[in-house]
Participant: 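So that we are looking at the same thing, I have put the structure below in structure tokens.
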Amino acid sequence: MAFIGAGSVVFTQGLLADLFEFPELKDVHIALHDIDADRLATAHAAADLISETRAAAPRITAHPDRREALDGADFVINIIQVGMREATRTDFDVPARYGLRQTIGDTLGIGGIFRALRTFPVLKALGEDIAELCPDAWLLNYTNPMAMNVQYLTRATGLTRVVGLCHSVYWTMRDLCELLKVPYEEVSYRAAGVNHQAWVLRFEQNGVDLYPRLDALVAEDPQLRRRVRVDMYRRLGYYPTETSEHSSEYVPWYLHHDSEIERLRLPVGAYLDIVDENVAAYEKTREALEAGDPLPVEGTMEYAPQIIHSITTGTPRTVYGNVPNHGHGLIDNLPAHGVVEVPCLVDDLGVQPTRVGSLPPQCAALNSNYLHMNELVVRAALENEPRHIRRAAMADPATAATLPVERIWDLCDDMVRAHGDALQPALRATLGH
């Protein structure tokens, strides 16, 4: 198993803790890669300690050279973040000068667009290396923007064993069960849509619909109604599978209005605090390892270890994956070119997406806009067309609700200048308005 971007130490630790819970995976070869030597060394030391505390006996190697890590891999876990904290701050600071508000900025909007564009060149090189060095490997992608990255990977490299993984559906259902005080193990559910904007289509306990109970709870609790995802649920009829901070960015209704930010308690710029917390967690891990202190690491219930276990052992299980809609006909009323999030059966035959049919039209309307914007960003890179960057920003709901079109083009020019060499050469052009 090759971990690409293993210097995301805290996330790597959680994945390894999950992996070593499976007896069949305790002696695997873990190949760690990162371009940051310090983070790679920290990840290696943490992996050694986690394997020891989990009574596992894997072979763990560290590789500054990505190709060495990939050579002969069966599974590739992608957790890179191109540009790290500095690039993320740019994604927030430059749009903020234009009065554009973001909360997370990693999926849609200006933040999502430019996070994708600086990630695509690395993804293309990664995909080409996989095609040469481990063509039968499963590429399990965690890097955001999830849907754009998976779409670009499959279109630019031709790889077919690619699935994007996100924990939002799982934790949404956990949170709903806790809210309604029902055991998660007794609940059946189905969700579908797009990453960070899928919908809970069925939610049942012993065959009984739980939505009426949720409706009653929302009706009696005014604080619940001060959550964006609850507000969307009340108006759309299906609960969204991502946090309020995320959900607020994908529609035009909330972030542009001071009154809505106050009513729904929206934390503008929240991701910058998360980034700082992640850096602090990394520093704490490195200091603990250097001091020889214990490193308590809990499992995270992430999908990648479950997928690896199922494919390796044939144990069937269902996960939620982000996969191309085309070819599978997974969601009828979403664009064929898009990447959708659906339940997937996993066993020794691999990851097998489930056909969902059609979404409720009000849900499909939002998802369709999301996927059409993604298509413009992916085409910008595939066709070396910088105007598609501006067109994607024009199509973004939150950006269009805030800025006139000339300011959108000016903002894109400033973002291109700010990110500079991280973009492929043809996309570095500034176009004016």
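Side-chain atoms are counted along with the backbone in the values below, which use heavy atoms only and exclude waters and symmetry mates.
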Participant: So, the side chain of D18 versus the backbone of P305: is there a donor-acceptor pair under 3.5 Å, distance only?
Facilitator: no
Participant: Hey, is CZ on R387 packed in by over 12 heavy atoms from elsewhere, all under 6.0 Å?
Facilitator: no
Participant: What do the steps show when you test M373 against I113 for side-chain contact (heavy atoms from CB on, under 4.5 Å), and what is the final call?
Facilitator: CA-CA 9 Å; M373 180 196 150; I113 290 170; 3.2 Å; yes
Participant: Please evaluate residues R89 and E86 with respect to the criterion salt bridge (charged side-chain N to carboxylate O under 4.0 Å, His left out), reporting the C-alpha separation (whole Å), side-chain torsions for both, the decisive distance (0.1 Å), and the verdict.
Facilitator: CA-CA 5 Å; R89 288 200 173 278; E86 293 74 17; over 6 Å; no
Participant: Under a 3.5 Å distance rule, please check whether R101 uses its side chain to pair with a backbone N or O of V268 as donor and acceptor.
Facilitator: no
Participant: Quick one: which residue pairs count as a salt bridge (charged side-chain N to carboxylate O under 4.0 Å, His left out) with a foot in residues 358-376, not counting sequence neighbours?
Facilitator: R155-E375, E375-R379
Participant: Mind running side-chain contact (heavy atoms from CB on, under 4.5 Å) on D38 and Y282 for me, showing each step along the way?
Facilitator: CA-CA 11 Å; D38 183 73; Y282 165 72; 2.4 Å; yes
Participant: Would you find a donor on one side and an acceptor on the other, under 3.5 Å apart, between the side chain of E245 and the backbone of I104?
Facilitator: no
Participant: Can you tell me if N333 uses its side chain to pair, donor with acceptor, with the backbone of A364 under 3.5 Å?
Facilitator: no
Participant: Using the rule ring-ring contact (aromatic ring centres under 6.0 Å, His included), only one of Y233, Y239, W199 pairs with Y211; which is it?
Facilitator: Y233
Participant: Return the minimal non-hydrogen interatomic distance between A192 and I331, and the atom names on each side.
Facilitator: CB-CD1, 4.2 Å
Participant: Hey, does C363 have a side-chain heavy atom less than 4.5 Å from the side chain of Q197?
Facilitator: no
Participant: Evaluate the criterion side-chain contact (heavy atoms from CB on, under 4.5 Å) for residue pair M148 and R115; output intermediate values, then yes/no.
Facilitator: CA-CA 10 Å; M148 283 192 237; R115 193 181 180 100; over 6 Å; no
Participant: Can a donor-acceptor pair be found between the side chains of H337 and N374 at a distance below 3.5 Å?
Facilitator: no
Participant: Are the side chain of R202 and the backbone of S188 linked by a donor-acceptor contact shorter than 3.5 Å?
Facilitator: no
Participant: Using the test salt bridge (charged side-chain N to carboxylate O under 4.0 Å, His left out), find all partners of D65 that sit at least two apart in sequence or belong to another chain.
Facilitator: none
Participant: Is the shortest side-chain heavy-atom distance between T243 and S168 below 4.5 Å?
Facilitator: no
Participant: Check whether any side-chain N or O of N325 sits under 3.5 Å from a backbone N or O of L334 as a donor-acceptor pair, and report yes or no.
Facilitator: yes
Participant: Checking side-chain polar atoms at under 3.5 Å, does R229 have a donor or acceptor matched by the opposite partner on S247?
Facilitator: no
Participant: Is there a side-chain contact between L123 and N149 (heavy atoms, below 4.5 Å)?
Facilitator: yes
Participant: Distance-only, no hydrogens or angles: does the Q306 side chain make a donor-acceptor pair with backbone N or O of E302 under 3.5 Å?
Facilitator: yes
Participant: Return yes when atom CD of E52 has more than 12 non-hydrogen atoms of other residues, nucleotides or ligands closer than 6.0 Å, and no otherwise.
Facilitator: no
Participant: Which label fits Y189 and Y320: parallel for a plane angle under 30°, tilted from 30 to 60°, or perpendicular past 60°?
Facilitator: parallel
Participant: Can you confirm whether more than 12 heavy atoms, excluding those of I35, are under 6.0 Å from its CD1 atom?
Facilitator: no
Participant: With the threshold set at 4.0 Å, does a side-chain nitrogen-carboxylate oxygen contact exist between D231 and R235?
Facilitator: yes
Participant: Counting only N and O atoms by type, is there a donor-acceptor contact under 3.5 Å from the side chain of R118 to the main-chain atoms of A422?
Facilitator: no
Participant: How about Y303 and Y142: does a side-chain donor come under 3.5 Å of a side-chain acceptor?
Facilitator: no
Participant: Going by distance alone, is a donor N or O of one side chain under 3.5 Å from an acceptor N or O of the other, for T88 and Q81?
Facilitator: yes
Participant: Just by distance, with hydrogens left out, do H29 and T61 show a side-chain donor and acceptor under 3.5 Å apart?
Facilitator: yes
Participant: Looking at V228, is its backbone amide N or carbonyl O close enough to the side chain of S244 to form a donor-acceptor pair, meaning the two atoms are under 3.5 Å apart?
Facilitator: yes
Participant: Once the angle between the rings of Y184 and Y170 is folded into 0 to 90°, is it parallel (under 30°), tilted (30 to 60°) or perpendicular (over 60°)?
Facilitator: perpendicular
Participant: Is the number of heavy atoms from other residues, nucleotides or ligands under 6.0 Å of E178 CD greater than 12?
Facilitator: no
Participant: Report yes if the side chains of Y152 and L382 come closer than 4.5 Å at any heavy-atom pair, otherwise no.
Facilitator: yes
Participant: How many angstroms lie between CD1 in I130 and CG in N78, if you round to the nearest 0.5 Å?
Facilitator: 8.0 Å
Participant: Shortest non-hydrogen contact from F114 to I389?
Facilitator: CZ-CG2, 3.8 Å
Participant: Apply side-chain contact (heavy atoms from CB on, under 4.5 Å) to M301 and H167, showing your working.
Facilitator: CA-CA 8 Å; M301 297 299 293; H167 51 222; over 6 Å; no
Participant: Would a distance-only check, ignoring hydrogens and angles, find a side-chain to backbone donor-acceptor pair under 3.5 Å from K26 to F20?
Facilitator: yes
